[in-house]
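Report on the following structure.
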Amino acid sequence: VDYDGTASSLLVEPMRTNLITYSEAFDNAYWTKSGASVTSGFTSPDGTDNAFKLVEDTSNGVHRIGKATFTANVERTLSIFAKKGEREYISLFENNTTSPSVKGVIFNLNNGTYYNNNDTYYTNVKIELISNGWYRCSATMTNGGLQVPSFGVSADGLTNSYQGDGVSGVYIYGGSLEVGSYPTSYIPTDGGTVTRVQDQYTKTGISNLIGQTEGVIFMDWIMNHQSNSTSEDVFTLSVTDGTTNNLFVINNYNNALTVYLKAAGTNQFSNSSFSGSDGLRIKLAFAYKVNDFSLVINGSVIATDNSGSVPLLNKININAYETALPNDSILVKDFKLYTTRLTDSELIALTTI
């Protein structure tokens, strides 16, 4: 469950591995310190004293902690929890010998903004306020693939390299490096990589809750599918009979939502006209009855169809198709089943944001 300060959502994530094997023990020899040191005993976002302070030394250069070396040219996302100390800026960057030698993003831990000092390398940059001044900072790199991922202190928010004073720094906790184009929820490690299996939620034997001759399927969610391959099936929801012959599906394919209903192996309704852009909140209602279908999204009727039959369904899969699991991350804010076909005006009211 994810709580944004006002409401809770069901957090549904793909399988991911934290490639950093000491995600919290920054004093371990696993981490290389360059122009910096770490001290322990500070309160982290989890409420215990397991955070560190990354302190710059007096040298004129980069003040960082990092880990080498990972395979080149693999898309990876680097993230860290950070809090301002004497310095208000932390940088996430690739510390290697190619040009430019310091490619990174610098995050402002005072106001939650960032500066990308080489935007040809970094995408999907994000900074999120967690609690008590802690932010989670993340960035994705495809070109070069974060072979030497590093966290560094910055004095002015514009450069990673400067004359240190030997005492100033920022607080850090929970480093993560994942193969993929966005960060998932934090995966702690202590001496080895850790893999979290994919989240999939399934409920069977509920034919009495699903309208078998008419009804409405409603879902309110925020999608975060960010893939290099737009021609990839990303199944947000399927309501089935346990086969692929009878089912209702919401699928993000080629940056469009494909919504379809199938009975006896044949499409009864299908529409792919709504953009499935990442980060967009989507309130979708699909109303069905024999020869009477409507798809309404975010307060607008997207499509109707007056020809088709209704299959018998008894199973719900969130973040899955009947026979396949996608690489997707979504926040499900609400899900409802109605056993009667609501009017289009009722569907518009239901889905208006």
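Keep in mind it's a predicted model, so treat the numbers as computed, not measured.
Ring centers of Tyr173 and Phe26: at least 6.0 Å apart, outside the cut-off. Ring centroid separation for the pair Trp134 and Phe81 does not come in under the 6.0 Å cut-off. In this structure, the ring of Phe293 has its center no less than 6.0 angstrom from the ring center of Tyr288.
No donor-acceptor pair under 3.5 Å is formed between the side chain of Gln200 and the backbone N or O of Asn317. Asp199 places a side-chain N or O within donor-acceptor distance of the main-chain N or O of Glu13, the cut-off being under 3.5 Å. Side chain of Asn18 to main chain of Leu177: a donor-acceptor pair is present (N/O by atom type, distance under 3.5 Å, no hydrogens or angles). Not a single donor-acceptor pair under 3.5 Å links the side chain of Thr351 to the backbone N or O of Leu284. Using modelled atom types, no side-chain atom of Ser300 and backbone atom of Ile302 make a donor-acceptor pair closer than 3.5 Å.
Ion pairing between a basic and an acidic side chain is recognised when a charged N comes within 4.0 Å of a carboxylate O; Lys33 and Asp27 show no such pairing.
With 3.5 Å as the limit, one finds no donor-acceptor pair spanning the side chains of Ser185 and Arg16. Side-chain contact of Ser161 with Thr159: a donor-acceptor pair under 3.5 Å is absent, judged by distance alone. A donor-acceptor contact under 3.5 angstrom links the side chains of Asp49 and Thr43, judged on distance only. In the model, Ser309 has a side-chain atom that pairs as donor or acceptor with a side-chain atom of Gln268 under 3.5 Å. Using a 3.5 Å distance cut-off with no hydrogens or angles, the side chains of Lys283 and Asn298 do not pair a donor with an acceptor.
Considering Ser23, Ser79, Ser176 in turn, Ser23 is the only one that fulfils the side-chain hydrogen bond (donor to acceptor under 3.5 Å, both in side chains) rule with Tyr186. Among Phe248, Tyr338, Phe274, Tyr260, the single residue meeting the ring-ring contact (aromatic ring centres under 6.0 Å, His included) criterion with Phe286 is Phe248.
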What's the verdict on side-chain hydrogen bond (donor to acceptor under 3.5 Å, both in side chains) for Arg196 and Thr184, showing C-alpha distance, side-chain angles and the deciding distance?
-> CA-CA 10 Å; Arg196 178 188 54 243; Thr184 61; 2.6 Å; yes
Please report the C-alpha distance between Asp156 and Arg87 in whole Å, then the side-chain angles of each, then the deciding distance to 0.1 Å, and finally whether the salt bridge (Lys or Arg N to Asp or Glu O under 4.0 Å) criterion is met.
-> CA-CA 9 Å; Asp156 61 2; Arg87 300 301 187 193; over 6 Å; no
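The closest side-chain heavy-atom distance from Tyr122 to Thr140 is not below 4.5 Å.
A cation-pi arrangement, defined by a distance under 6.0 Å to the six-membered ring centre and an angle within 45 degrees of its axis, is absent between Lys126 and Tyr182.
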